[in-house]
Amino acid sequence: MDIAQNAALVVVDAQKGFEEADYWGTRNNPAADGNIAALIDAWQSAGRPVVFVRHDSVSPGSPLRTGYEGNEFKEYVERRRGKGSGDELLVTKRVNSAFLGAPDLGAWLREAGISQVVLAGIQTNMCVETTARMGGNLGYEVVVAFDATYTFGLEGPFGWRQSADELARASAVSLHGGGFAAVVTTEDVLTAVK
């Protein structure tokens, strides 16, 4: 796998509010936060561009709502912001895709001549997947560091319920099998950027 020298790491919604298990339920992949941190460290030490995305929920009871502590980045992310020698961007959004936030992520990537993005963050099957799909549709080469993401179980129509692991796997299969993104491991990415 090749990771371009100017590939942007896009860290999606690594926010404190996702630690509220009473709201979200059971998460999968407890190693995700360590993997996200390792990717940020690798990008920053190499002077590569990093994008931090924050979901500013407009739902009154959401742990990600603006003005609530849960809206803030997780501690390990906040400690790393502004520490790299490469370009850094903060995107805020109210919908699932980081490409529909402010400032305009696509415009920033185009202006910087960036055509490849590596995604990590929360939730695998929600904002990470939506950002990956949209990035693929917009012509970017998208790489998803699967084990640097996590999600929660969910109930859908007809009483169907899927666990966090089932949803994450379905997301990975749809993205990779559907040609939206290359779904790989954190180790794959870290090896490629050395």
Enumerate the salt bridge (Lys or Arg N to Asp or Glu O under 4.0 Å) contacts for residues 129-158, please, sequence neighbours excluded, ordered by first and then second residue. E129-R133
Is it the case that over 12 heavy atoms from other parts of the model lie below 6.0 angstrom from the CZ atom of R161?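 Counting other residues, nucleotides and ligands, CZ of R161 exceeds 12 neighbours.
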Heavy atoms of other groups near E187 CD, more than 12 under 6.0 Å: no
In Å, rounded to the nearest 0.5 Å, how long is the span from [atom1] of [X] to [atom2] of [Y]?
X	Y	atom1	atom2	answer
D56	N71	CG	CG	4.5 Å
L154	L167	CG	CG	6.0 Å
S57	Y68	OG	OH	12.0 Å

side-chain contact (heavy atoms from CB on, under 4.5 Å) test vs V51 passes for just one of V91, L9, L90, V11, namely V91
Within a strict 4.5 Å, meaning less than it, do heavy atoms of the [X] and [Y] side chains meet?
X	Y	result
W43	V118	yes
N28	T151	yes
F18	R27	no
I122	Q15	no
L109	F99	yes

Measure across [X] and [Y] and return the closest heavy-atom pair with its distance rounded to 0.1 Å.
X	Y	answer
L190	A42	CD2-CB, 3.6 Å
V53	K93	CG1-CE, 3.5 Å
I36	A120	CG1-CB, 4.2 Å
D33	K74	OD1-NZ, 3.2 Å
R169	F146	N-CZ, 4.3 Å

Applying the 4.5 Å side-chain criterion to the ILVMFWY set and letting contacts propagate, would V117 and I3 be lumped into a single cluster?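 Not linked; separate clusters.
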With a 4.0 Å cut-off, would you call E78 and R81 a salt bridge? yes
Any side-chain donor paired with an acceptor under 3.5 Å for T149 and T124? yes
